[in-house]
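Read the structure below first, then the notes.
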Amino acid sequence: VTVRRVATEVDLPALVALDAEVFGTDAWSERSWRAELDPATRHVEVLLGDDGGLLAYVVVRAVADVADLQRIATAPSARGGGLARGLLDAALAAARARGCVRMLLEVEATNTAARRLYVRAGFEAISRRRGYYGPGRDALVLQLSW
Ligand SMILES: CC(C)(COP(=O)(O)OP(=O)(O)OC[C@H]1O[C@@H](n2cnc3c(N)ncnc32)[C@H](O)[C@@H]1OP(=O)(O)O)[C@@H](O)C(=O)NCCC(=O)NCCS
């Protein structure tokens, strides 16, 4: 990783492309991504490699004292190197700096990699939302308070 910074409009094409690669039919449209880049309510941070390519990103939405982790993803070729953990820590720091006192997120119950990432960072399950991702696909709601 050579750069970690807050995302801007120049990152849009790369964000849309990596999001589509990672999330497939659940990916956000370019229009949604544009809305996500509003610094008034969102904190989007990116990690770029030596060649300037996008390696990972995180999206947090902060409303009053609660921050929602909306998305975190690492490019398949860059996984397992601590990138998501670093971005999650940065997202938590940004939420704190905005005056939030807790972070909430939904994660698919079967997503073991993401669940371990969150639990290692201190998140705890507070409820289960049945069918949140479609029939038979439950979400766990995780929370970290500070
Ligand atoms: C989940 C994801 C973001 C992890 O990214 P990453 O950069 O590879 O993660 P890191 O290398 O920072 O790993 C951090 C922790 O996550 C957990 N983890 C990551 N990959 C894992 C895997 N394949 N299996 C089990 N645990 C895993 C581990 O606990 C790891 O810490 P440890 O190695 O000290 O035990 C990545 O797999 C991804 O992009 N998945 C698809 C998108 C997604 O599901 N996002 C979450 C929902 S929005």
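Numbering of ligands and ligand atoms starts at 1, following listing order. Quick note: residue numbers are just sequence positions, from 1.
Note that CG of Leu105 and CD1 of Ile72 are 9.5 Å apart. Values are rounded to the nearest 0.5 Å. Atom CG of residue Asp19 and atom CD of residue Glu21 lie 10.5 Å apart, to the nearest 0.5 angstrom. Here the straight-line distance linking atom CG of Leu88 with atom CG of Leu83 works out to 12.5 Å at 0.5 Å rounding.
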Would Leu69 and Tyr118 count as a side-chain contact (heavy atoms from CB on, under 4.5 Å) if you check the C-alpha gap in whole Å, the side-chain angles of each, and the deciding distance to 0.1 Å?
CA-CA 11 Å; Leu69 188 85; Tyr118 301 139; 3.5 Å; yes
When you look at Arg102 and Gln143, which way does the side-chain hydrogen bond (donor to acceptor under 3.5 Å, both in side chains) test go after all the steps?
CA-CA 7 Å; Arg102 63 195 173 114; Gln143 172 177 267; 2.6 Å; yes
Begin from the C-alpha positions of Arg34 and Glu9 and carry the test salt bridge (Lys or Arg N to Asp or Glu O under 4.0 Å) through to its verdict.
CA-CA 8 Å; Arg34 218 172 263 286; Glu9 290 241 337; 3.1 Å; yes
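Ligand-side atoms of ligand 1 in range of Tyr118: 46 (C), 47 (C), range being under 4.0 angstrom from any heavy atom. Listed by number with element, the atoms of ligand 1 under 4.0 angstrom from any heavy atom of Gly81 are 11 (O). Listed by atom number, the atoms of ligand 1 under 4.0 Å from Gly82 heavy atoms are 10 (P), 11 (O), 12 (O). Heavy-atom contacts of Val22 reach the following atoms of ligand 1: 41 (C), 42 (C) (cutoff under 4.0 Å). Taking a cut-off of under 4.0 Å to the non-hydrogen atoms of Arg79, the atoms of ligand 1 that pass are 8 (O), 36 (C), 37 (O), 38 (C), 39 (O), 40 (N), 41 (C).
Considering backbone and side-chain atoms together, Ala73 places no N or O closer than 3.5 Å to any N or O of ligand 1. At least one N or O atom of Arg85 sits closer than 3.5 Å to an N or O atom of ligand 1. Residue Gly80 places at least one N or O, backbone or side chain, under 3.5 Å from an N or O of ligand 1. Annotation: Thr74 places an N or O atom under 3.5 Å from an N or O atom of ligand 1; distance criterion only. Residue Ala114 has no nitrogen or oxygen atom sitting less than 3.5 Å from a nitrogen or oxygen atom of ligand 1, judged on distance alone.
Side-chain atoms of Leu54 and Leu48, non-hydrogen and from C-beta on, do get closer than 4.5 Å to each other. Taking 4.5 Å as the limit, some side-chain heavy atom of Leu104 sits within range of a side-chain heavy atom of Ile126.
There is no protein heavy atom less than 4.0 angstrom from atom 33 (O) of ligand 1. Atom 13 (O) of ligand 1 is not flagged as protein-proximal [any protein heavy atom, distance under 4.0 Å].
Contacts between Leu69 and ligand 1 below 4.0 angstrom, taking non-hydrogen atoms only, are absent altogether.
Under a 3.5 Å cut-off, the side chain of Trp146 and the backbone N or O of Cys100 do form a donor-acceptor pair.
For atom 44 (O) of ligand 1, the candidate residues are Leu105, Asn111, Asp26, Leu87; the nearest heavy-atom contact is made by Asn111. Of the candidates Ala84, Ala113, Ala121, Ala113 brings a heavy atom nearest to atom 20 (N) of ligand 1. Taking each of Arg120, Glu108, Glu21 in turn, the one with a heavy atom nearest to atom 35 (O) of ligand 1 proves to be Arg120.
At a 4.0 Å cut-off, at least one heavy atom of Ile72 sits close enough to ligand 1 to count as contact. Ligand 1 is never approached by Ala56 to a heavy-atom distance shorter than 4.0 Å.
The nearest heavy-atom contact from the protein to atom 28 (C) of ligand 1 is Arg116 CB, 4.1 Å. For atom 15 (C) of ligand 1, the closest non-hydrogen atom of the protein is Leu117 CA, 3.8 Å.
Placement of Leu18 and Leu87 in two distinct hydrophobic clusters is found when ILVMFWY residues are connected by side-chain heavy-atom separations under 4.5 Å, directly or transitively.
Salt-bridge annotation for Asp26 and Arg137: present, with a side-chain N of the basic residue lying under 4.0 Å from a carboxylate O of the acidic one.
A salt bridge (charged side-chain N to carboxylate O under 4.0 Å, His left out) with Glu36 is found for one member of Arg31, Arg71, Arg42 and no other, namely Arg42.
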